[in-house]
Amino acid sequence: DEEVCKLDLDLDVTHCAMSRVVIIGGGAAGLTAAIFSRLGGAHVTLLERMGECGKKILMSGGTRCNLMPITMNVEHDFICSEQGGLNRANKIMKSWSVAQCKSWLENDIGIKMEAEVESNKYFPSSNSAREVRDRLVQKCHDLGVAIRYNAKVTNIEKAAGGGWSLKGNSPSSGDFIVSGDRVVL
């Protein structure tokens with residue numbers, strides 16, 4: 001459904017207070033969405049289809065995990081065939097700059113970073129992708145995010161009373177239904 005995927009660049013996480021947010025996928029983006037939704041006051045359930053979160057994080061940067069660019073130029077670094085895509089990308093970068101992202105990773109998540117100028121990338125000082133993944137997952141746990149592993153979502157539909165109903169299955173618990181006011185894919 002198009003409404004599920006719509007990107008709301010003006011969303012203030014304080015509007016999440018007391019809402020139920022369901023996040024599909026425990027990769028870097030899903031873990032980050034879970035953290036910010038929870039900080040905004042939402043009750044958060046993260047559904048991960050694998051037995052652990054962040055499998056791709058562990059492979060990123062040759063297992064070193066290239067965290068982010070040192071500098072970012074949307075016109076140079078972003079490709080989008082969709083009309084208005086560059087404008088949206090610029091709006092996103094203005095709402096949360098590279099410097100703000102770096103500060104969040106270092107100060108809130110606790111990842112010390114080193115710049116690799118020749119590749120224009122920041123890596124964790126430990127050169128360990130596992131540290132990055134583990135710190136993001138730990139932050140979710142510390143904030144009270146409910147993470148369900150081996151939870152494969154098979155259907156998403158609008159709920160009759162508002163919000164969303166997600167159906168899926170898990171080898172350990174069988175079929176499940178999770179409801180949320182918001183869904184993050």
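Positions are given from 1, in the same order as the sequence printed here.
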Full working for side chain to side chain contact (heavy atoms under 4.5 Å, CB included) between L136 and C53: CA-CA 9 Å; L136 289 168; C53 288; over 6 Å; no

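- Within the structure, the salt bridge (charged side-chain N to carboxylate O under 4.0 Å, His left out) test picks out the following pairs touching residues 117-131 (sequence neighbours left out): E131-R135.
- Between N66 and S60, the shortest heavy-atom distance links the atoms OD1-OG, 2.8 Å.
- M68 and M72 fall within a single hydrophobic cluster, where Ile, Leu, Val, Met, Phe, Trp and Tyr are joined by side-chain heavy atoms under 4.5 Å apart, directly or via other members.
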Full working for side chain to side chain contact (heavy atoms under 4.5 Å, CB included) between V153 and V22: CA-CA 11 Å; V153 176; V22 180; over 6 Å; no

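- With a 4.5 Å cut-off on side-chain heavy atoms, Y122 and E116 do not count as touching.
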Side-chain donor-acceptor distances from residues 139-148 under 3.5 Å, at least two apart:
from, atom 1, to, atom 2, distance (Å)
D142, OD1, Q138, NE2, 2.6

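- R38 pairs by the salt bridge (Lys or Arg N to Asp or Glu O under 4.0 Å) definition with nothing, not counting sequence neighbours.
- Each of L166, L46, V178, V184 was scored for a side-chain contact (heavy atoms from CB on, under 4.5 Å) with I24, with one residue passing: L166.
- In plain terms, the two heavy atoms of I35 and I109 that are nearest each other are CD1-CD1, 4.0 Å.
- Within a 6.0 Å radius of CZ in R64, more than 12 heavy atoms belonging to other residues, nucleotides or ligands are found.
- Within the 4.5 Å cutoff, the side chain of Y149 has no heavy atoms near those of the S170 side chain.
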